[in-house]
Amino acid sequence: IRSERAGAKAGDIFTPQIQERIRKLLAPEMTGTKGKNTRGSIWDEGPGPGAFKLEVNSIYPKDQPLGSVPPNVLKALPPLPAGLEYRFVYRHLVIRDEPSNLIIDFMPAAIPGK
């Protein structure tokens, strides 16, 4: 997969238009008490700020947690093909290829906040 995607870069999948749409889809899930709980769940389970450098076509570090994505967030996001999954690295949304543990693309600051 890495060799087939040798020229892959951030934003190939998460284009500016897709990022705008995803932020709109996530906004209701990240506001109010529900949003505070959702963000807390994401941040408690996943890697914290600066845990590692996100790079497209790199291996997701085995020493970093793969926090689950809350059900309300999964429901709000567009479905992915089999073998791909969403993960959060602090505020950033990642598409990860599960079988190869490869970061396919990422969206900076998908979760609003600090």
Atom pair OG1 (Thr15) and CD (Glu20), whose distance is rounded to the nearest 0.5 Å
9.5 Å
Gap between atom CD1 of Ile18 and atom CE of Met107 - 0.5 Å precision
10.0 Å
Which heavy atom of Ala76 sits nearest a heavy atom of Leu25, and at what distance?
O-CD1, 3.5 Å
Looking only at heavy atoms, which two atoms of Gln19 and Pro108 are closest? And how far apart?
OE1-CD, 4.4 Å
Per the side chain to side chain contact (heavy atoms under 4.5 Å, CB included) rule, which among Thr33, Val73, Thr31, Leu26 passes with Thr38?
Val73
Which residues pass the side chain to side chain donor-acceptor pair (under 3.5 Å) test with Lys53, not counting sequence neighbours?
none
Evaluate Asn72 against Lys34 for side chain to side chain contact (heavy atoms under 4.5 Å, CB included), listing each step before the verdict.
CA-CA 10 Å; Asn72 61 311; Lys34 178 172 103 174; 4.1 Å; yes
Does Asp105 use its side chain to pair, donor to acceptor, with the backbone of Gly11 at less than 3.5 Å?
yes
Residue pair Glu45 / Ser68: nearest heavy atoms and the distance that separates them:
OE1-OG, 2.6 Å
Nearest heavy-atom contact between Gly83 and Pro99 is O-CD, 3.4 Å
Which value, rounded to the nearest 0.5 Å, describes the distance between Leu102 atom CG and Asn57 atom CG?
5.0 Å
Rounded to the nearest 0.5 Å, what's the gap from CE on Met30 to CZ on Arg91? Could you check?
11.0 Å
Do Asp44 and Ser41 get their side chains close enough for a donor-acceptor pair, meaning under 3.5 Å?
no
Just grab all the side chain to side chain donor-acceptor pair (under 3.5 Å) pairs involving residues 74-89, residues at least two apart or on different chains.
Glu85-Arg87, Glu85-Arg96
Between Tyr90 and Ile42, the two heavy atoms sitting closest are O-CG2, 3.9 Å
Test question: given the 4.5 Å side-chain rule for I, L, V, M, F, W and Y, name all other residues clustered with Val89, or answer none.
Phe52, Leu54, Val56, Tyr60, Leu66, Val94, Ile103, Phe106
What pair of heavy atoms forms the shortest contact from Ala109 to His92, and how long is it?
N-ND1, 2.9 Å
Side chain to side chain contact (heavy atoms under 4.5 Å, CB included) evaluation trace for Ile104 with Asp12:
CA-CA 9 Å; Ile104 302 300; Asp12 283 349; over 6 Å; no
Note, Leu84 side chain near Glu98 side chain (heavy atom, < 4.5 Å)
no
